[in-house]
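Residue numbers count from 1 along this sequence. What you see is a predicted model; the values in this text were computed from it and never measured.
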Amino acid sequence: VNEKGECCDSDGKCCPPDKPLMDANGKCWACDDPMESINMGWGDKEEYYQRCSRCSNRTAPRVIANEIVFCSLPCPDGKIRARDVCRDCSDDVDFIAAHSECLKCPNRFIASWVGVDRGCYRCDTPDPIASMNGWTNETRATCEKNCPNRRFVTGWDNWKFCALRCGEGEVMNNDAECVNCRTTGYFYARHFEEECARCEGHFLGTGNESGVGGYQSWGCHRCDSEQQSIYLGEVSYNSAEVNAWAKESCEACGNRGVIGGQYRYCAKYCTDGQIWDNVGQCHTCGEPQDFSVKGVPEDKCACPGVRYLDGDICKKCPSAENADKLTEVQCLSCGLTWQDNRCGE
C-alpha cells in the first residue's frame with residue numbers, strides 16, 4: 001500500500017482501495033464486482049495469487065504453467081467452482097476444479113498433475129484417468145470410495161490410474177484398460193503381471209512382440225504367438241511372485257515349456273527330430289554348428305549317433321578316425337565303440 005492507500009505490485013502497478021484487484025490487462029476491479037471470475041494472467045505466477053488475496057471473498061486455485069489464473073467469487077449453494085464457472089456435481093461432463101471443491105461431489109473422483117488441482121471426473125467417465133506424482137491419500141480415496149466401479153492402480157512408469165473395473169473374461173493392461181483374454185493379442189502388462197497370469201491362453205514374459213527382452217517391457221503374450229521363444233527375465237532381478245507367475249503361465253500353455261536357470265525363456269516345443277538350445281530355439285540333429293543347451297530341462301542334445309554333449313555344448317559327432325578325444329559316454333552317444341580306453345569304430 002502506497003501513501004495514497006493504493007494496492008501496488010513490486011513493479012509499481014497500483015489500484016485504488018475501492019478497486020484493489022488488477023486483472024491481466026491492468027484493469028482494476030472491486031472485490032464485490034458481479035463479474036464471477038476475473039482473468040489474472042497466464043501461467044503459475046505468484047503475483048497473480050497475491051493480487052487475488054487482496055479480496056477475502058475471492059479465491060484463485062493453483063494452475064499449471066500453461067493455464068489461466070482466475071480470481072473468483074464463491075459459487076451458490078449446491079454448485080462448485082470449476083475454474084471460471086460454477087457447476088453442478090451432476091453435470092454430464094468432466095471439468096477442472098480445486099480438490100476442495102471436487103470433494104463436495106460424492107459421485108466424482110479427483111486427479112491431479114504434480115500436486116496441482118486438475119480434473120474432477122465422473123465415476124462413469126469412459127476412460128482410465130492417469131495422474132503422475134500428484135496422487136494423495138485424499139485423491140485415492142475419492143477413486144475407490146466414491147466410485148465402486150473403479151479401482152486405484154499403478155501402471156507403466158509409476159503412473160497412477162483411477163481405472164474402471166474389468167468385466168468377466170477381461171484383464172487390465174499396462175494402460176489400465178480392460179482387454180478380453182479370449183480375443184486380444186499381445187499387450188503390455190508392466191505392473192499388471194498378475195492380471196496376465198490369470199489370462200487364459202496367455203503367458204507373462206519380459207520380451208516385447210519380437211521376443212527381445214528387457215525388464216521394463218513386461219508383456220502378456222499369446223501362447224500361440226509366432227515367436228518361438230520369449231524371454232521370461234532374470235530370476236534374481238524379478239520378484240519371487242513375478243518369477244512364479246511367468247513360469248506357471250508359460251507351462252499352462254501346453255505347447256510351451258520353460259528353459260534356463262538364472263535366465264529363463266518360454267519356448268514352443270520342438271517338432272520331432274529337433275532339439276532346444278539354451279534360449280529355446282530349435283535345431284535339427286544334423287546341423288554342423290555347435291550350440292549351448294545350458295538350462296534345457298531334459299533330454300539335452302538328444303540325437304543318438306549324431307551329436308554328443310560336451311559340458312553344456314551340443315556338438316556334432318566326429319568320424320571314427322577323429323574320435324580319439326571323446327570320453328566313453330560321448331563315444332557311445334555317437335554310436336562308436338569304446339575299446340582299450342579309446343573311441344573308434
May I ask you to check whether T271 and Q274 show a side-chain donor-acceptor distance below 3.5 Å? yes
Membership question, hydrophobic clusters at under 4.5 Å side-chain separation (ILVMFWY): are V258 and V235 in the same one? no
Does the ring centre of Y269 sit less than 6.0 Å away from the ring centre of W276? yes
Please determine which of L326, V306, V329 meets the side-chain contact (heavy atoms from CB on, under 4.5 Å) test together with C334. L326
Show, in sequence, the C-alpha distance, side-chain angles and deciding distance for R222 and D224, and conclude whether the salt bridge (Lys or Arg N to Asp or Glu O under 4.0 Å) test is met. CA-CA 5 Å; R222 290 183 65 95; D224 59 5; 2.9 Å; yes
Short N-O contact, E251 and R264, less than 4.0 angstrom: no
Establish, from distance only, whether the side-chain atoms of R81 and S37 form a donor-acceptor pair under 3.5 Å. yes
Going by atom types alone, do D94 and T125 pair a side-chain donor with an acceptor below 3.5 Å? yes
Anything under 30° is parallel, anything over 60° is perpendicular, the rest tilted; go ahead and classify F109 against Y121. parallel
Give a yes or no on whether a salt bridge exists between D290 and K316, defined as a side-chain N under 4.0 angstrom from a carboxylate O. no
Does the plane of the ring in F203 sit parallel, tilted or perpendicular to the ring in H221? Use 30° and 60° as the thresholds. parallel
So the side-chain hydrogen bond (donor to acceptor under 3.5 Å, both in side chains) pairs with at least one residue in residues 19-28 (sequence neighbours excluded) are D23-W29
Could you walk me through whether E47 and R54 pass the salt bridge (Lys or Arg N to Asp or Glu O under 4.0 Å) test, one step at a time? CA-CA 11 Å; E47 64 182 283; R54 296 171 185 173; over 6 Å; no
E101: what forms a salt bridge (Lys or Arg N to Asp or Glu O under 4.0 Å) with it, not counting sequence neighbours? K104
L204 and its side-chain contact (heavy atoms from CB on, under 4.5 Å) partner, picked from C196, C199, C266: C196
Kindly check if C71 and C55 bring their SG atoms closer than 2.5 angstrom. no
